[in-house]
There are 2 protein chains.
Amino acid sequence: MDAAIACFRRRGFHQATMAEICAEAGISAGALYRYFSSKADIIGAIAEDKRGENDEAFKRAADQHGFIEAICLSARGFFDKFADGDGALIADILSEAIRDDAVSASLRCTDQSSVQIFMQAFRHAQTRGEIDATLDPEIATNTLFGALEGIGLRRAFCRETDADEAISQFRALAERYLEPRP
Amino acid sequence: MDAAIACFRRRGFHQATMAEICAEAGISAGALYRYFSSKADIIGAIAEDKRGENDEAFKRAADQHGFIEAICLSARGFFDKFADGDGALIADILSEAIRDDAVSASLRCTDQSSVQIFMQAFRHAQTRGEIDATLDPEIATNTLFGALEGIGLRRAFCRETDADEAISQFRALAERYLEPRP
DNA sequence: ACCTGAACACCGTTCAAGT
DNA sequence: ACCTGAACACCGTTCAAGT
């Protein structure tokens with residue numbers, strides 16, 4: 001899987017060939033298909049793996065700092081990927097996940113557990129009065145996830161690679177969206 | 001180009017073959033390459049075309065109704081595409097535009113003129129007091145574009161196809177983001 | 001049981017030949 | 001000048017043969 005990440009990062013999902021991944025991993029084509037059922041399956045597995053790492057970091061941050069600080073920290077990790085040139089790869093993952101039900105089902109499950117973790121922190125922040133208590137936690141979490149991803153993709157499209165700018169852009173949106181109403 | 005749209009919609013960008021597009025359009029492979037230099041070039045041309053249509057609708061709406069109503073109307077047109085199953089196609093366009101500089105350069109130019117149109121309406125709304133005057137028009141416009149796209153993609157990923165729900169989700173975000181501050 | 005890699009099926013692109 | 005479509009180069013996937 002590390003070999004696949006290296007190849008996808010170097011050349012992109014559709015440009016990288018199975019032969020390259022095999023060479024990088026030091027195995028044959030047949031062996032690769034023993035571990036992954038298709039090329040789309042590889043990208044799905046990568047996406048799930050990355051998501052799991054991020055959840056852990058968020059949970060720690062949400063305990064120590066506020067909810068907004070914690071999502072901005074998550075955002076930093078996410079925007080750094082775009083700075084590394086992984087923007088197109090993330091778009092490819094989305095495309096495969098939207099089109100391919102096999103990839104999607106498993107990724108949606110992982111995504112759902114991320115949403116649960118964020119929702120729990122969201123509710124705590126609501127009771128603390130840090131964010132607006134009238135917001136629906138599930139809708140708001142999904143809105144923030146979507147906006148974060150969209151801002152990152154758009155910045156990659158516009159060739160804007162400064163991660164700090166991206167974060168302050170996202171932070172301004174999140175703060176105004178979540179701010180308690182009088 | 002209509003033939004390509006039909007094929008991409010039916011089977012997706014990477015699944016649709018040039019042979020299919022040729023058959024649908026009633027021309028040969030050689031002739032197709034007289035009009036488009038590559039498969040990526042076709043999707044770029046489609047994206048530019050769609051964007052132009054939307055700009056016109058937005059300009060009319062911004063004059064008649066407020067800025068927020070106008071972007072929600074744009075959002076409706078956009079979310080309807082996802083309901084039609086074009087979510088993966090939009091992700092493919094983004095992926096190609098992020099990776100391929102030839103596709104990107106021309107699409108960015110079209111995008112930039114959309115941004116200009118939105119920014120102008122944005123400034124008018126600021127002077128009218130409809131939205132917060134302290135927001136930077138360019139950053140805010142890009143943030144809204146990114147958030148809109150991200151919410152659409154995420155909903156497609158989650159298999160949520162209700163366009164009305166999508167709009168109210170986006171509207172809540174936009175209203176809170178743009179609301180004048182005391 | 002697990003791996004190898006040649007073979008297969010398929011697709012984007014080109015270009016010599018035709019009109 | 002413009003089009004045709006066979007041919008080319010290439011890639012994801014499979015499976016008979018090997019260990």
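Every chain is numbered from 1 and lettered A, B, ... according to where its sequence line falls, protein lines coming before strand lines.
Residues from residues 94-105 of chain A with heavy atoms under 4.0 angstrom of DNA chain D: there are none. Sorted by residue number, the members of residues 28-46 of chain B with any non-hydrogen atom under 4.0 Å from DNA chain C read B/Ala29, B/Gly30, B/Tyr33, B/Ser38, B/Lys39. Taken residue by residue, residues 10-19 of chain A places heavy atoms nearer than 4.0 Å to DNA chain D at A/Ala16, A/Thr17, A/Met18.
Using a distance-only test at 3.5 Å, with no hydrogens or angles considered, no donor-acceptor pair links the side chain of A/Asp84 to the main chain of A/Asp86. In terms of modelled atom types and a separation under 3.5 Å, the side chain of B/Gln126 and the main chain of B/Leu135 share a donor-acceptor contact. Put simply, the side chain of B/Asp49 never gets that close to the backbone of B/Ala45: no donor and acceptor are under 3.5 Å apart. Side-chain N or O atoms of A/Arg155 include none that pairs as donor or acceptor with a backbone N or O of A/Gly150 at under 3.5 Å. When atom types are taken as modelled, the side chain of B/Ser106 and the backbone of B/Ala102 share no donor-acceptor pair closer than 3.5 angstrom. The backbone N or O of B/Ala16 lies less than 3.5 Å from a partner atom in the side chain of B/Lys39, making a donor-acceptor pair. With hydrogens and angles ignored, the 3.5 Å screen pairs no side-chain donor or acceptor of B/Lys59 with any backbone N or O of B/Ala121.
Residues passing the side-chain contact (heavy atoms from CB on, under 4.5 Å) test with B/Ala125, sequence neighbours excluded: B/Phe67, B/Arg128, B/Glu130, B/Ile131. With sequence neighbours left out, A/Thr17 forms a side-chain contact (heavy atoms from CB on, under 4.5 Å) with A/Arg11, A/Ala19, A/Glu20.
Annotation for B/Glu175: atom CD counts as buried by contact number, over 12 foreign heavy atoms lying within 6.0 Å. Counting heavy atoms of neighbouring residues, nucleotides and ligands inside a 6.0 Å radius, atom CD of B/Gln116 exceeds 12 of them. Heavy-atom contacts from other residues, nucleotides or ligands closer than 6.0 Å to CD of A/Gln15 number more than 12.
Pairing of C/dA9, defined by two Watson-Crick or G-U wobble distances under 3.5 Å, is not identified with any nucleotide. Pairing of D/dA17, defined by two Watson-Crick or G-U wobble distances under 3.5 Å, is not identified with any nucleotide. Look at C/dC3: it lacks any Watson-Crick or wobble partner with both distances under 3.5 angstrom.
B/Tyr177 and B/Leu73 end up in different hydrophobic clusters when Ile, Leu, Val, Met, Phe, Trp and Tyr side chains are linked at under 4.5 Å.
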Pairs: protein N or O with nucleotides 17-19 of chain D N or O, under 3.5 Å:
none

